[in-house]
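Letters go in sequence order (proteins before strands), and every chain restarts at 1.
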Amino acid sequence: MSSSGIHSSIGDSAWPVEEPASPQPRAAKPTAVSSDETVGSDPHEALFEGLTEPQAEAVAHTDGPLLIIAAAGSGKTRTLTRRIARLIADGVPPWQIMALTFTNKAATEMRERALTLLDNVPWRSRGLTVTTFHALCARLLRRYGEVAQADGHPLPVSGDFTIFNSNDQVALVKRVIVGADLSTTNWPPRSVLSAISAEKNKLMTAEKFAASAHDFYSRTIARLFTGYQEALHKANAVDFDDLLVMTASMLQQSAMVRAECQGRWRYLMIDEYQDTNHAQFVIASLLAGDETPERKPNITVVGDPDQAIYSWRGADIANILEFEENYPSARVITLGENFRSTEPILAVADTLIRKNTHRKHKDLFTSKPGGLPIQVHRCRDERHESELVIDWFRALAEGDPAAIGDDGKPERWRDMAVFYRTNALSRSIEDALRAEGIPYTVARGTAFYDREEVRNALAYLRVVANSADDVSLNRIVNVPPRGLGKTSLERLSAHAQQAGVPLYEVLGSTDTIAGVSARAAGAAKGFVQMAEDWTGSGSFLGASVSTSLAELVGRVVDDSGLRKMYQSQAAVAKTESEAERVDNLDELVNSAAAFEEDYDPDADPVTFVAPESGKASEAGASPAPPMLVLLRAYLERVALVADADAVDPSQGAVTLMTLHAAKGLEFGAAAIIGLEEGLLPHSRAAASPIETEEERRLCFVGMTRAMRHLLMTSASRRSQRGVSERTMASRFLEELGTAHVVRTDSTDFGYDPGSDDTPSHQLSAKDRSSALTEAKQLYPVGSKVRHPRFGVGTVEAIEGGASVRAKVKFRETGTKTLVLEYARLEPL
DNA sequence: GCTGAGTTTGTTTTT
DNA sequence: CAAACTCAGC
């Protein structure tokens, strides 16, 4: 595209670069990956530093569709980031570039790294869109809703819509089930929701689905689907699927919206493309535009089919496999070299993934040989498993040569992680870490916002932002108790239902409603008065309207009585979580303040205004957005946090997370626990070979997160819902092969009483005490020992646990706690 | 209308 | 084993 229509169109833009504003004739499109000259002669050489040739090629190749098939650990995000920086350095205005990532965390990182590459000049990334699909859609719906309406395609929601998370969805679908008189029959809300979600993902509407439903099951689902969508509509709310589906149909139907979006974003980049679903594919295609002989869309997608782990959520691997068919001019670049893991880890992961038959093989290779074998350990039970993992972590942290290798370096807590298939597995590890005093964080992004007190405060805010949100209103209208009991509320709700208006309107109306006491009616009006005061609308208190988001949140927490309620509860609190509730409310206020501070209108596609052509661009501050805009953006953010967003490496703590949340991250040392049949592969996936392959990919994703050390454990007994049961080791462990794998079995082989009346912890306790006695004889307190790394020291204590540990005082390094199993201590 | 004791129930993964 | 739910008594 040497005579780029795209580039000439921005030639006169006011983009303030030192380089000539008109696009300098780009170095001829590099045609061969092999040419050093191509790369070396580039005016922005620094942007290629540290990249391999295929990566440099991917970065330099700036025109037309580009597919990057990237192996695990090959630096795909880095490559994408460089490409963004490269485009900007070449004179493409940043507001014409959009990159979509999987989590907010990945987006933030990419934005910051791109900025670093651009020498940290803030205006250089002004207007650059780096976000997630869901956040983008929320912004597009708010921004282009009016345009779509003007174009004759009104959205089913207004601009102040609320985003319902899965808890809200469940609450809503429960109400629909009750409303449809199906509550006595067995229609579990979660499975109803997943059936509905699956249809929505296919861009199926409730009406179309109802028309095609013939059997009893689908007709019932159709009824609930219709009721659910109506309830969402009434609450002026959207769920996660709606965000995508509504955006897709808005772009499909409204040529005006399509034109505006295509005009604004000329470069589209999508990370983790193997995990996009159909709606996301449609959105991406419409944003990029079709390929024609005259026009090649600038769409770059990056992904790895071996890391596709979200098909249960509608992700369609065909999106990445058929990219070349959709864009015949697409260039394809494969990044196979792994920069993350040591050779053994990579080799074993490769052995595993080769067991998938529905797969195009891709060679994984590293140019950095060396590294320790991976460890596979069969434990007695989950307690033993936790202790084993922790002992391993300790040995790694202490720099024990047996654990880190002779030329290895100690690992920090923050470089260690535990992965598991289901969230329930985190408990035993957490307990053990807490007992050992090792700092840890569980990557559950929603955990904070899931607390009762925080959800209540947010429900108040959501009512402020959208008074039609009946789900939130019902949650807090009588919290703290203000005399609006169940019966009164039911009558008021029924009245609202009949009148076809939101509950909120009925609460504030002066009509008398049969069966509602004057006292209850007064309470209702009091509630509405309070909420009106917060927004300043329609009251003499309008002057007192909050000036900052944090102030608004603070007022809501105070005026609603939530703070008072939790304060009095804290006085008689029995549990820690009860005592912390007031603190969490304060924390919420802080989070609002932090959001407000970080809020960058230039990074928000809704509020960002591109500088006009021909005029010098002002890098000056944009006007502060109105409070409600800020509140909605805040609530939007809160609704869209991901589990992986909670991973904060600046904390010096071990990270615990599900295998799904681990995607895209890396750690020096990783332990994957619960490698048992029924858990990984999960029992729900066992019946289908396709799903079993996805479980295998999940295991592969977990393994390839590890840079230097990998431990995989299973427990021969595991307690689930209170009952301890025997397990079978995962087939994946067998499939790892024998090369680079060290296997250990701590279970009692040979005679097995096979009954449940010999709890395993008794056995292990016996083993432990004998090992402890033995160790105490070998290393009596006060005796001298030699450590291969720390030298000579004095034994201070021998301690029990899952494995025996010695406290040794060394001359140089001070007192260390060493796991004898690893430490290779030599008695002197 | 509100509270707490007792009972039932359900278990993948998440934007 | 918990969370969610029910229902009787204040």
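Whole-Å rounding puts the A:Glu382 CD to C:dC1 C1' distance at 12 Å. Regarding A:Leu489, its CG atom lies at a distance of 14 Å from the C1' atom of B:dC2, rounded to whole Å. Residue A:Asp645 contributes atom CG, which lies 7 Å from atom P of B:dT15 at whole-angstrom precision. Per the geometry, CZ belonging to A:Arg190 stands 11 Å off C1' belonging to B:dT14, to the nearest Å. Atom CG of A:Leu680 is separated from atom P of B:dT12 by 15 Å (rounded to the nearest Å). Going from atom CG of A:Leu659 over to atom C1' of B:dT14 covers 14 Å, rounded to whole Å. Following rounding to the nearest Å, A:Arg444 (CZ) and B:dT15 (P) show an atom-to-atom distance of 10 Å. When the P atom of B:dT12 is taken as reference, atom CZ of A:Arg696 falls 22 Å away, rounded to whole Å.
In this structure, A:Ser488 reaches the B:dG1 phosphate: one of its side-chain N or O atoms is under 4.0 Å from OP1 or OP2. Taking only side-chain nitrogens and oxygens, A:Thr103 never comes nearer than 4.0 Å to OP1 or OP2 of B:dT15. A:Asn423 has a side-chain polar atom (N or O) that falls below the 4.0 Å cut-off from OP1 or OP2 of B:dT14. Remark: A:Ser719 is not in phosphate contact with C:dC1, judged by side-chain N or O atoms under 4.0 Å from OP1 or OP2. Within the structure, every side-chain polar atom (N or O) of A:Arg313 is placed at least 4.0 Å from both OP1 and OP2 of B:dT14.
If you look at A:Trp312 and A:His682, their ring centroids are not closer than 6.0 Å.
A:Asn478 comes within 4.0 angstrom of sugar-phosphate atoms only, judged by non-hydrogen atoms across all strands, and of no base. Across all strands, A:Thr487 comes closer than 4.0 Å only to sugar-phosphate atoms, never to a base (heavy-atom distances). The residue A:Asp241 sits apart from the nucleic acid: no heavy atom pair falls under 4.0 Å.
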Does the ring pair (Phe, Tyr, Trp, His ring centres under 6.0 Å) test come out yes or no for A:Phe164 and A:Tyr228, once each step is laid out? CA-CA 12 Å; A:Phe164 273 10; A:Tyr228 174 73; 8.5 Å; no
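Among the nucleotides B:dG1, B:dT15, B:dT13, the one closest to any side-chain atom of A:Phe240 is B:dT15. Among B:dT14, B:dG1, B:dT12, the nucleotide with an atom closest to any side-chain atom of A:Thr658 is B:dT14. Between B:dT13, B:dG1, B:dT15, one nucleotide has an atom nearer to the side chain of A:His134 than all others, and that is B:dT15. Which of B:dC2, B:dT15, B:dG1 sits closest to the side chain of A:Pro481 comes down to B:dC2. With B:dT14, B:dT3, B:dT15 as the candidates, the nucleotide lying closest to the side chain of A:His660 is B:dT14.
You'll find the side chain of A:Ile283 reaches within 4.5 Å of the side chain of A:Leu244, heavy atoms only. Inter-residue side-chain proximity for A:Leu484 and A:Leu492 is flagged as met; some heavy-atom pair is nearer than 4.5 Å. Side-chain contact check for A:Tyr420 versus A:Thr658: some heavy-atom pair is nearer than 4.5 Å. Side chains of A:Phe732 and A:Met712 form no contact here, defined as non-hydrogen atoms less than 4.5 Å apart. Counting only heavy atoms from C-beta outward, the side chains of A:Arg455 and A:Tyr449 never approach each other to under 4.5 Å. For the pair A:Gln280 and A:Ile270, the minimum side-chain heavy-atom distance is 4.5 Å or more.
The heavy-atom pair separating A:Ser560 from A:Arg482 by the smallest distance is O-NH2, 3.1 Å. The shortest heavy-atom contact between A:Ala195 and A:Ile221 is CB-CD1, 4.0 Å.
An aromatic stacking contact between A:Tyr310 and the base of B:dT13 is absent, as defined here by ring centres under 5.5 Å apart and ring planes under 30° from parallel.
Both A:Leu640 and A:Arg519 sit near DNA chain B, but only A:Arg519 has its closest nucleotide nearer the 5' end. Comparing A:Gln720 and A:Phe133 by the nucleotide of DNA chain B whose heavy atom lies nearest to each, the residue mapping closer to the 5' end is A:Gln720.
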Protein N or O to nucleotides 3-10 of chain C N or O, pairs below 3.5 Å:
unit_1, atom_1, unit_2, atom_2, d
C:dC5, OP1, A:Lys174, NZ, 2.6

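Taking a cutoff of 4.0 Å between a charged side-chain nitrogen and a carboxylate oxygen, A:Arg581 and A:Glu452 qualify as a salt bridge.
Note: A:His134 and A:Phe240 have perpendicular aromatic rings, judged against thresholds of 30 and 60 degrees for the angle between ring planes.
Evaluated for a side-chain hydrogen bond (donor to acceptor under 3.5 Å, both in side chains) with A:Asp306, the options A:Gln274, A:Arg697, A:Arg359, A:Arg696 yield exactly one hit, A:Arg359. The one candidate from A:Arg462, A:Arg475, A:Arg632 that meets the salt bridge (Lys or Arg N to Asp or Glu O under 4.0 Å) condition with A:Asp469 is A:Arg462.
Residues from residues 195-204 of chain A with heavy atoms under 4.0 angstrom of DNA chain B: there are none.
Comparing the same atom, C1', in B:dT13 and in C:dA4 gives a spacing of 22 Å after rounding to whole Å.
Listed by first residue number, the stems of DNA chain B with at least three Watson-Crick or G-U pairs below 3.5 Å are B:1-10 with C:1-10.
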